[in-house]
Amino acid sequence: MRPPLWIPAWLLLLHGCATARLPQAANARTDIRDCSTDPPYLPPTATDTTARVAALRGAMQALGAQAYVVPATDAHMSEYISARDARLGWLTGFTGSAGTAVVTQDKAALWTDSRYWTQAERQLDCNWELQRTTWIESIAMWILEAVPVGGNISLDPFLFSIDTWNSYRQALQGSGRILLPIETNLVDQVWGDQRPPAGSGEIYSLPEEFTGSSWQEKVARIRQEMEQHVRHPTAVLLSGLEETAWLFNLRGDDIPYNPVFYSYTLLTNTSISLFVGEQRLAAAARSSLRAACPGPLCVELREYGQAPEHLRQYVQGNVTVWLGTEYTTYGLYSLIPQEKLLEDSYSPVMLAKAVKNSREQDLLRAAHVRDAVAVIQYLLWLEKTVPQGEVDEFLGAQRMDALRQAQEHSRGPSFQSISASGLNAALAHYSPSNGSSRQLSVDEMYLADTGGQYLDGTTDITRTVHWGTPTPLQKEAYTRVLMGNIDLSRLIFPPNTAGRVIESFARRPLWNVGLNYGHGTGHGIGNFLSVHEWPVGFQSNNVPLTAGMFTSIEPGYYQDGEFGIRIEDIALVVEAQTEHQSGENPFLTFEVVSLVPYDRNLIDISLLSPEQVRYLNTYYESIRARVGPELQRQQLQEEYDWLQRSTEPFPLGRAAATAGTGTTGALALATLLSALLPGLQA
Ligand SMILES: *[C@@H]1O[C@H](CO)[C@@H](O)[C@H](O)[C@H]1NC(C)=O
Ligand SMILES: *[C@@H]1O[C@H](CO)[C@@H](O)[C@H](O)[C@H]1NC(C)=O
Ligand SMILES: *[C@@H]1O[C@H](CO)[C@@H](O)[C@H](O)[C@H]1NC(C)=O
Ligand SMILES: *[C@@H]1O[C@H](CO)[C@@H](O)[C@H](O)[C@H]1NC(C)=O
């Protein structure tokens, strides 16, 4: 589903889910704004940007820049950014997470994808044209019209990835315009004192019980990979914030929902440089990093802003620097002579982080048990309160967040909760706001896509429910989405298979009746790190699946203007037990670690095959065995009873005819036993 041009992978994803539509061509819809009248009509939500745009034009003129390109991301290509990096939002008034602005002396335009068109119309003033696409070719065509031959098209090279920079360069090649990097950020310059300050929260070491291995072990392993590589790189440059956080087992709070901190790392064969606000390190963290100084396991602490200069000096030597091109900026990249570069899409740290060792797997599993308790509490609460008509989407999201927060080791939500009722759930991108949020009702479907950060793991789960009488289409679509979720979850596939090769198993039950969904099928997830963790997933730029990777599995179905369905679980890639083995390595399958039952009210069990029903019943047994005891430990008897009701085994239906009733009886007995003796299977 990826277009040929490189689009940041997360642009195709949404908060906590993989729901974005592809950028679409501009269509002929009318704008909410009316800029043809005097004064123009603007909604009250628009920001007056006249002074800001004028100040930027002044700064551009002083430097001979005829156009200036402003992206939405930060110097680390982060999916979520801090207020300090919200340059696009400050300059344009548009606060969506994806977009690009270009300013010339007499024009200004914002490009964004279909998720954000309505929001952009509500937030932009008449200084801005809205361009309803994100193709770099489209941006380049606009620039070519606005800037005469010989003109400079300027941008901050530390805010563009290598790949994005190359796309611009290709699009402008031979046009007679110059792509001119300017290291001083012009938006920051005109933003001045009003720009929010840099994060100052403490950076701390994860307690040992929550780490998969020590940072020294991780460093040793990466150095070993450097040695074994045919090009013998002498250093690895880390610019993804989660890379440095993972490598040193450090966490911070510079970015909402993501426990990371601004940093770079240069790990060489003999030294380690961590570029970070040094005074922010907790005493214990600093002493752990400095314990082996001087020596190859001594971490040199250098100021964050020194990274480019230090790199410039390092590459004077006879060295080779290994880096990931998907998220390293052109600014850093251009400091390294071509013959001293070892380029891969992802650094060895990113790839090591993606495969969780058995301790990390256990930590993530444990986080999901407590997370299931919070989600079950929420579903039961909704069941009791929605019929009284007193819950709206915003209140629901707040309740969900509070229930998670009460769980042990909680560190808040892992993204802004999506709590969407009725037609709102059909919007790929939707989060309720206070005051304008829809009432939950027994007459509508409701979708909650939420997740938590815990010291032992990051979670992300979507459940769709209906408390009244669903329409036949709602029930069929829900059941088919569930069948797709089940089919992919229980699939057995060869080792090193790419996610995109198998993702259509999640779509097939929908395809069979002419339905589909316009987003990806899943994304990787971290251990108390990003909720969207690259490079794991089911898209064409994801790496092949191997045992130890965690990914979401989240098919959906959206009926515009009516309802939306998504069923999302997190699953671990595990070795499959197969009768035969062809090849050196065992085949793989998934172990679902999200442990919350689906809505029985929406399942048409007659559509499921016997295998699907058996799988579902086995999954429900494992929910009982793992979440039941935790509910009892937390003395949540009502929730425990709800769980038993919600995980009653389904009759095998069509299976009964083929396989006989003995199987059903045995399964029911097994389920009954596990309910009576939950400790047995824990
Ligand atoms: C483009 O930038 C260069 C280098 O800063 C400058 O010398 C030149 O005058 C600029 N061109 C225009 C048309 O302003
Ligand atoms: C650079 O290092 C490599 C490998 O260590 C070595 O083979 C090569 O001779 C060195 N080149 C120079 C110019 O020192
Ligand atoms: C580390 O790399 C440098 C630079 O290439 C090289 O001169 C040196 O011999 C290497 N040291 C070790 C211990 O491998
Ligand atoms: C939501 O709005 C209501 C009414 O304006 C207000 O009382 C309440 O404090 C707001 N809640 C939050 C979390 O902002």
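All of these numbers come straight from a predicted model, not from anything done at the bench. Indexing begins at 1, ligand by ligand and atom by atom, following the structure's order. Numbers here are sequence positions counted from 1.
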Per atom 14 (O) of ligand 3, closest listed option by heavy atom (Asn269, Thr268, Thr320):
Asn269
Salt-bridge present (Glu278, Arg302; N to O < 4.0 Å):
no
May I ask you to check whether over 12 heavy atoms, not counting those of Glu227, lie within 6.0 Å of atom CD?
no
Within-cutoff protein neighbour (heavy atom, under 4.0 Å) for atom 9 (O) of ligand 1:
no
Quick note on ligand 3: atoms under 4.0 Å from a heavy atom of Thr234 include exactly 2 (O), 4 (C), 5 (O)
Proximal ligand 1 atoms for Gly150, defined as those under 4.0 Å from one of its heavy atoms
13 (C)
Can Arg280 and Asp254 be counted as an ion pair, charged N to O under 4.0 angstrom?
yes
I need the single residue from Val102, Leu124, Asn127 that forms a side-chain contact (heavy atoms from CB on, under 4.5 Å) with Leu110. Which is it?
Leu124
From the options Asn152, Ile182, Leu180, Val149, select the one whose nearest heavy atom is closest to atom 12 (C) of ligand 1.
Asn152
Sort out for me which residue in Thr47, Thr49, Val103 forms a side-chain contact (heavy atoms from CB on, under 4.5 Å) with Leu91.
Val103
